[in-house]
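Every chain is numbered from 1 and lettered A, B, ... according to where its sequence line falls, protein lines coming before strand lines.
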Amino acid sequence: MALRTISMNSWSKFSPMLSSAFRLHSHSTSFGFKEVHEDEKSELVGKVFTNVASNYDLMNDLMSAGLHRLWKDRLVSELNPFPGMKHLDVAGGTGDVAFGIVDTIKEIKHRAIEEASEDHFTEETQIYVCDINPSMLNIGKKWAIERGLGELPSLIWVEGDAEALKFEDNSMDGYTIAFGIRNVTHIEKVLAEAYRVLKRGGRFLCLELSHVEVPLLKQLYDYYSFSIIPALGEFVAGDRESYQYLVESIRRFPSQEPFASMIADAGFQKVQYENLVGGVVAIHSGLKV
Amino acid sequence: MYRTAAKRLLIDSFRTSKTRLPTTLLTPAIIIAPRFSTSAANQSLNFHSPNQHNSTQPGAPKTATESPSESSSYSSASSSSSGTAEGETYSSSNLRPPRTEYKDEQARILHASLRHVTRLGWTEAAMMAGAREVGLSPSIVGSFPRKEAALVEYFIDDCLQRLIDIIDSQEDLKNLIPSERISKLVKIRLEMQALYISRWAQALCIQVLPMNIPTSFKQRAMLVDEIWHAAGDVTGDIDWYVKRTVLGGIYSTTEVYMLTDNSPDFRDTWAFLDARLRDAFDLKKTMQEVQYLAEAVTAGMGGPMQGLVKRWYETARHGLGLEGLVLELIGQSLRSANLVVLGQSMYQSLDGLECTRSCSDKLGLSIDFVAHAICLPPADQVWNSGGFV
């Protein structure tokens with residue numbers, strides 16, 4: 001109870017919408033535009049992703065016209081991976097970001113062999129893909145096999161909850177969460193866990209759909225989100241509800257600045273964000289020192 | 001002015017080296033950072049607060065408005081273990097030690113990385129080795145705005161700071177003539193790079209990349225400014241830019257010469273430097289002669305001519321020197337034949353050919369044209385021979 005009061009004070013500064021949700025029912029949270037009990041949200045989200053898992057990547061391609069690949073590439077290049085890195089990709093699901101990191105490191109290793117390389121480079125790279133939903137992980141493992149990474153010891157698939165990670169303190173060089181933090185029940189818990197598992201000098205990177213402020217683009221984006229995407233979901237995946245949840249959850253998620261403040265509250269320094277496509281997507285980053 | 005700017009650049013070297021992305025990349029960082037700056041007040045509060053925290057932990061929350069206490073009571077509620085709180089180790093415990101600023105850590109990393117540069121070059125690999133040395137994850141290298149450029153810029157700022165310290169401490173500079181002072185300072189500065197000379201070409205390439213040019217240009221400008229200031233330059237007019245440009249050119253060519261110099265202790269480089277400075281300072285000797293001539297000529301005329309000649313003389317003394325004089329003459333020659341005759345007599349009294357040659361080089365005009373312009377009495381004929389650049 002005491003905890004909620006403090007977070008309510010800090011949240012109310014940033015998001016009046018969310019604080020009013022708190023006042024309604026102290027244990028309620030948002031599921032799209034609906035209010036649900038916290039304990040339910042996790043289950044509801046689980047259902048959504050189990051439903052969309054098989055079409056997840058196809059739908060991503062359709063909804064973003066393939067741009068999501070570029071966004072994830074940008075995330076990976078911001079991360080600046082290196083051989084020997086221990087990385088955790090949370091809500092990694094179908095593994096896009098993890099594959100990107102593996103490819104980048106392979107390229108670097110290839111170049112490093114030509115020059116005199118350090119002993120550190122022969123340390124084993126470990127990329128953990130953590131997701132709460134087993135269906136998404138299975139799809140990811142399938143993609144890995146198709147890409148020829150099925151037997152790669154560096155790529156490790158873990159089922160786990162972002163709010164209660166099973167990794168040790170100070171064990172990860174990097175932490176990414178791409179299009180996942182919107183779906184968690186307690187954002188600040190996830191941020192705190194991220195802070196905990198990162199080493200000193202480790203970086204937190206979050207790729208998420210965010211708020212558009214550019215006037216004309218905003219109207220276009222709203223129209224596209226609420227009229228076209230659910231229809232697309234119904235037509236391609238036969239599931240309008242899940243995609244309605246998707247677009248609503250984007251609107252309920254804190255916008256760039258409040259989210260950056262939350263990251264800073266978790267203890268990260270050098271918190272910055274970069275808007276892609278005018279704010280449709282934002283990459284937030286923080287440094288643990 | 002230069003000193004405070006240099007210190008600011010050194011301390012805030014990362015702020016100035018941030019690239020300008022077309023998004024609001026910087027604003028949130030600036031908004032958020034002040035809340036977490038380690039002020040003395042925060043520090044003292046942190047040291048005293050542990051006792052208070054421990055006693056009130058199970059009970060009602062503190063109505064503290066400070067964010068560190070908020071988050072620390074949060075983290076204590078999620079029952080994370082209380083780790084050690086000494087020095088700069090940062091743990092998720094309820095005790096928050098004085099917060100290590102990321103900028104300090106970045107500076108430490110860059111300092112440590114310099115030791116790896118001779119082996120690994122000005123690369124991310126060197127920075128990662130530096131990060132490992134300092135005890136931080138190599139991931140932090142990804143947070144430097146322009147990675148290798150940050151390392152090079154840090155080194156150059158460091159060299160500038162060392163140069164400033166040397167200038168402040170060395171009194172014997174005053175005993176040398178300006179050109180020797182400059183020679184000595186440039187030599188001292190270039191010797192700081194001698195350690196990395198095997199990798200300096202790479203550093204220069206990094207500096208020349210378009211995204212790094214603004215910062216490297218600024219650093220060079222500050223260096224040249226500092227050297228001139230130490231050499232006793234007090235001009236404030238247009239001459240200021242010319243002097244700095246000239247010295248900047250000399251410095252850069254010497255730096256590049258040094259890359260291929262294999263002589264012991266870079267003797268050839270210093271000889272090259274002295275030769276270049278001599279060329280640049282050559283004009284100074286002829287200034288005396290110009291002064292005497294101007295005085296002699298004005299004695300024979302009167303009134304407005306004296307004012308004009310004084311102006312020429314001032315230009316010659318402070319400005320571009322002899323070339324300034326010639327330029328003035330050419331300009332004036334478009335308006336009055338008398339002035340041209342005067343200029344002609346001045347020109348002929350000095351080493352005419354040398355003057356013409358150096359003027360044509362530095363002004364970018366052909367020798368013929370310069371010779372013509374000075375000797376040709378009628379104004380329209382000067383104009384007709386093609387004007388001047």
Using side-chain heavy atoms (C-beta onward) and a distance below 4.5 Å, is A:L287 in contact with B:E105?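 A:L287 does not reach B:E105 side chain to side chain.
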What I'd like to find out is whether the side chain of A:K270 reaches to under 4.5 Å of the side chain of B:Q106, using heavy atoms alone.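 A:K270 reaches B:Q106 side chain to side chain.
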List, one per line, each side-chain donor-acceptor pair under 3.5 Å for residues 200-208 of chain B, sequence neighbours excluded.
| residue | atom | partner | partner atom | Å |
| --- | --- | --- | --- | --- |
| B:W200 | NE1 | B:E255 | OE2 | 2.8 |
| B:Q202 | OE1 | B:W122 | N | 3.0 |

B:M128 to A:F82 - nearest heavy-atom pair and separation: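 Closest approach of B:M128 to A:F82: CE-CB, 3.5 Å.
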Is it true that a side-chain atom of B:S139 and a backbone atom of A:D173 form a donor plus acceptor pair closer than 3.5 Å?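 Such a contact is found between B:S139 side chain and A:D173 backbone.
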What residues form a side chain to side chain contact (heavy atoms under 4.5 Å, CB included) with A:S154, not counting sequence neighbours?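 A:S154 satisfies side chain to side chain contact (heavy atoms under 4.5 Å, CB included) with A:T125, A:L152 once adjacent residues are dropped.
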Distance from [X] atom [atom1] to [Y] atom [atom2], nearest 0.5 Å?
| X | Y | atom1 | atom2 | value |
| --- | --- | --- | --- | --- |
| B:I140 | A:K288 | CD1 | NZ | 12.0 Å |
| A:M85 | B:S137 | CE | OG | 6.5 Å |
| B:M127 | A:N80 | CE | CG | 9.5 Å |

